[in-house]
Protein chains: 2
Amino acid sequence: MPELTQNQIAKLSQVSQATVSRVLRGDPRVNEELRQRVLSVIEKHGYVPDARAQSLRSQRTGTLGLVVHRSPKQLARDPFFSALIAAIIEFAGKAGYHLCVDAARAVQSRQAIYEELLRTRRVDGLILVEPQTQDERMPRLLEEGFPFVLIGRYEPTDAVYSVDNDNIGAARTATEHLIRKAHYRIAYVSGPRGVFVCEDRYQGYRQALERAGIEPSSDLVAWGDFSEEHGYRAMSRLLSLPNPPTAVLAVDDLVAVGALRAVKERCRAVPQQVAVIGFNDSPFCNYVEPPLSSIAVDIRALAQIATDLLIRLIEEREVHQRRYIVPCQLVERSST
Amino acid sequence: MPELTQNQIAKLSQVSQATVSRVLRGDPRVNEELRQRVLSVIEKHGYVPDARAQSLRSQRTGTLGLVVHRSPKQLARDPFFSALIAAIIEFAGKAGYHLCVDAARAVQSRQAIYEELLRTRRVDGLILVEPQTQDERMPRLLEEGFPFVLIGRYEPTDAVYSVDNDNIGAARTATEHLIRKAHYRIAYVSGPRGVFVCEDRYQGYRQALERAGIEPSSDLVAWGDFSEEHGYRAMSRLLSLPNPPTAVLAVDDLVAVGALRAVKERCRAVPQQVAVIGFNDSPFCNYVEPPLSSIAVDIRALAQIATDLLIRLIEEREVHQRRYIVPCQLVERSST
DNA sequence: CCTTTGCCAGAATACGTATTCTCTCCACGT
DNA sequence: ACGTGGAGAGAATACGTATTCTGGCAAAGG
């Protein structure tokens, strides 16, 4: 049963298509009798507007694009992204927008996705999650004046609208927390170099060390990826150093869990001999043994701000504040 | 810098818009000289087709809809759904489709989403994840002949295309596994009644008991939701029975983790005194203490089959096999 | 009585693409 | 020489909606 069009409604009501459109849009300049005639026909036969035609005409699609800079496999594993996506779906939905999601790690396919979503006018705006420090698309997006919002950071210009965690402050807080627990050799197990989150947390870590007068050692910093496996291997290596760390700040809970595994495998007591703290306060932090201290990121706030910001950009084309920072919170559990 | 249209390209090339369209679509009936002229103009100024206009014209949007029957909050928490969504994004992308995701638990808003996505022709087809046993929209979708695929099951008619885990078989396998470990009082901590997954797993559980000649007891079955909290509370209650269970099959890893917490809180040894097994083989199964046995669901296979099936339905309107069953696999760890 | 004003609704048009229709031009066969 | 056929390209149209343009009609005003 194909959907009726305004034209068919018009014929059935014996009015013009324009009148049907006016009735539907609540235009006051339409005679009450005709209005009733049209409404009763619609009531009887049903009518749903064609979104494609509407968006061709109105230049609006009512859809936001979400591009996550991770491979689908990483996406599947990391609860942070699923929570973020879920929250964005929620807020976009509340504001009457749909959401088109894509994920891609390879630069090339990301490029294609941008073209696809944006230039083809499939979406009204874009939310980009954690682009990397050298991201070649940003200048083009800016130049084209296309509405987009970052979750994360972009350094080269401050013309970009973005929301970010206070990663530097949070990492500093976490490190200071470890220092207060009398740890002086503190390791940082990170994700890849060049990813803002990792670099920022590294900075916060360094700041805390410096403020406490601890000499930072590059031996205690391990760059890698966001996997449990990396956490395990990096921590294993660190623990076999002649002068091993007594505490570790992980860039991510998944990485922290891997580190935890390495520590337990060597039968070091947690937190007495080695303290571990992660990032994101993932649900599973409560379930691991011992429960993992972590930095809680306010995912819903990130999603909320990013979505609102983007929609304001789309609908009004102007927003005063460009950068938003969402504070994080230390969640202390038994691992520290 | 607004995107150029075929019309503008046509003017610049001094040909008609129809010719530009023909060149772009590779129509052979166009003079080589004109073709070159058009191509060089496009090369110089750039051209990206307008997806809205194309879909209005072609009746295809190149987008699939995904509707998950869970609240965004549950979505955020449960790694099963994030993995599923990620996999569907991946396969849809590979097939050249975009993905529009929505989630809603309330029946009413689900209704609205169906209307929105489907009747407005925003998507070419729909993937519905785990609808409930009494789902009032299925008949309407069928009647309208709209392409859609279920991940899960729908009983009232077998005219529906669907992919599902072998939930009955898997729950039977899990329960038999517990029986082999010499457990005779086995509890089943479930999600809500009326949700197919829960009902099917319940059936498998009962089958295993019956085959082993164990009298099933409704005291040992706890219906609830998919939360860790429910697992904890239900298991606490079960353990304080005069004749408590020595093993528990949980409908979900999250629920299993809650049950595990209840067991450990009472200082019962796992798996010696109480064995626990979950469902989904979530990443965190490895990290909890003790590592949680679970039934691994082949999420990527589910996603792959559902996506392929839907795309075939959209593009060819006919598929032979209607129901697909994906086998599950027991993953034995220390909790059993 | 004629013009102005205002209301209301149909006609026309635009959005951008894909396809059909139509016309011109040229080569070929009788 | 004239009709036939076919190639190739522009003109026209459709997809469905929203808006502007236009015109008819009646009431109001001179």
Side-chain angles (χ1 to χ4, degrees), chain A residues 1-39 41-42 45-63 115-124, chain B residues 1-39 41-42 45-63 115-124:
Chain A
M1 189 179 68
E3 223 44 68
L4 293 182
T5 70
Q6 287 187 0
N7 236 315
Q8 295 168 297
I9 298 288
K11 286 200 184 110
L12 289 168
S13 323
Q14 302 189 303
V15 298
S16 73
Q17 174 265 325
T19 301
V20 175
S21 176
R22 281 191 271 256
V23 169
L24 286 165
R25 314 218 11 118
D27 192 315
R29 302 171 309 170
V30 66
N31 182 285
E32 192 54 29
E33 189 200 326
L34 289 198
R35 175 191 309 283
Q36 286 310 325
R37 216 153 79 206
V38 170
L39 286 177
V41 168
I42 288 176
H45 295 87
Y47 168 79
V48 181
D50 185 312
R52 299 164 308 193
Q54 281 186 322
S55 53
L56 177 58
R57 165 77 221 204
S58 67
Q59 307 293 76
R60 287 280 168 79
T61 64
T63 304
E115 294 288 323
E116 259 296 291
L117 283 180
L118 187 160
R119 316 279 299 270
T120 64
R121 310 279 158 178
R122 219 176 259 279
V123 299
D124 294 336
Chain B
M1 189 180 67
E3 223 46 68
L4 292 182
T5 69
Q6 288 187 359
N7 236 314
Q8 295 169 295
I9 298 288
K11 286 202 184 106
L12 289 168
S13 322
Q14 301 189 303
V15 299
S16 73
Q17 173 266 325
T19 301
V20 175
S21 175
R22 280 191 272 256
V23 169
L24 286 165
R25 312 211 22 110
D27 192 313
R29 302 171 310 170
V30 62
N31 183 285
E32 191 54 28
E33 188 200 328
L34 289 199
R35 176 191 308 283
Q36 287 309 324
R37 215 153 79 206
V38 170
L39 285 178
V41 168
I42 287 176
H45 295 87
Y47 168 78
V48 180
D50 184 313
R52 298 165 308 192
Q54 281 185 322
S55 54
L56 177 58
R57 164 79 218 198
S58 67
Q59 307 292 76
R60 287 279 168 81
T61 64
T63 303
E115 294 287 322
E116 259 296 293
L117 284 181
L118 187 158
R119 315 280 297 270
T120 64
R121 309 279 157 178
R122 220 177 260 278
V123 298
D124 294 336

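Only a predicted model underlies this, so the values are computations on that prediction, with no experimental measurement involved. Labels below follow one simple rule: chain letters A, B, ... track the order of the sequence lines, proteins then strands, and each chain is numbered from 1. Any value given below was found using the heavy atoms of this structure, including those in side chains, with hydrogens, waters and symmetry copies removed.
Residue Asp124(B) comes nearest to Gln59(B) through the heavy atom pair OD1-O, 4.3 Å, listed as atom of the first residue, atom of the second, then distance. Minimum interatomic distance between Arg60(B) and Ser55(B) (heavy atoms only, all atoms of both residues): O-CB, 2.7 Å. Nearest heavy-atom pair across Thr5(A) and Tyr47(A) is C-CE1, 4.0 Å. Minimum interatomic distance between Arg121(B) and Thr61(B) (heavy atoms only, all atoms of both residues): O-CG2, 3.3 Å.
At the heavy-atom level, Ser21(A) lies under 4.0 Å from base atoms of the strands shown. Leu34(A) comes within contact range of the sugar-phosphate backbone alone, with a heavy-atom separation under 4.0 Å but no base atom that close. Val15(B) comes within 4.0 angstrom of the backbone, heavy atoms only, and of no base.
Nucleotide dC8(C) holds its P atom 15 Å from the CZ atom of Arg37(A), rounded to whole Å.
Just one residue in the list Val23(A), Val15(A), Val20(A), Leu39(A) forms a side-chain contact (heavy atoms from CB on, under 4.5 Å) with Leu34(A), and that residue is Val15(A).
For Arg57(A) and Arg57(B), each mapped to the nucleotide of DNA chain C holding its nearest heavy atom, the one lying further toward the 5' end belongs to Arg57(A). Comparing Gln17(A) and Val30(A) along DNA chain C, the residue whose closest nucleotide (by nearest heavy atom) sits nearer the 5' end is Val30(A). When each of Arg25(A) and Gln14(B) is assigned the nucleotide of DNA chain D bearing its nearest heavy atom, the one mapping closer to the 5' terminus is Gln14(B).
First and last contacts of DNA chain D with chain B, using any nucleotide atom under 4.0 Å from a protein heavy atom and ordered 5' to 3', fall at dG8(D) to dG16(D).
Ion pairing between a basic and an acidic side chain is recognised when a charged N comes within 4.0 Å of a carboxylate O; Asp27(A) and Arg25(A) show no such pairing.
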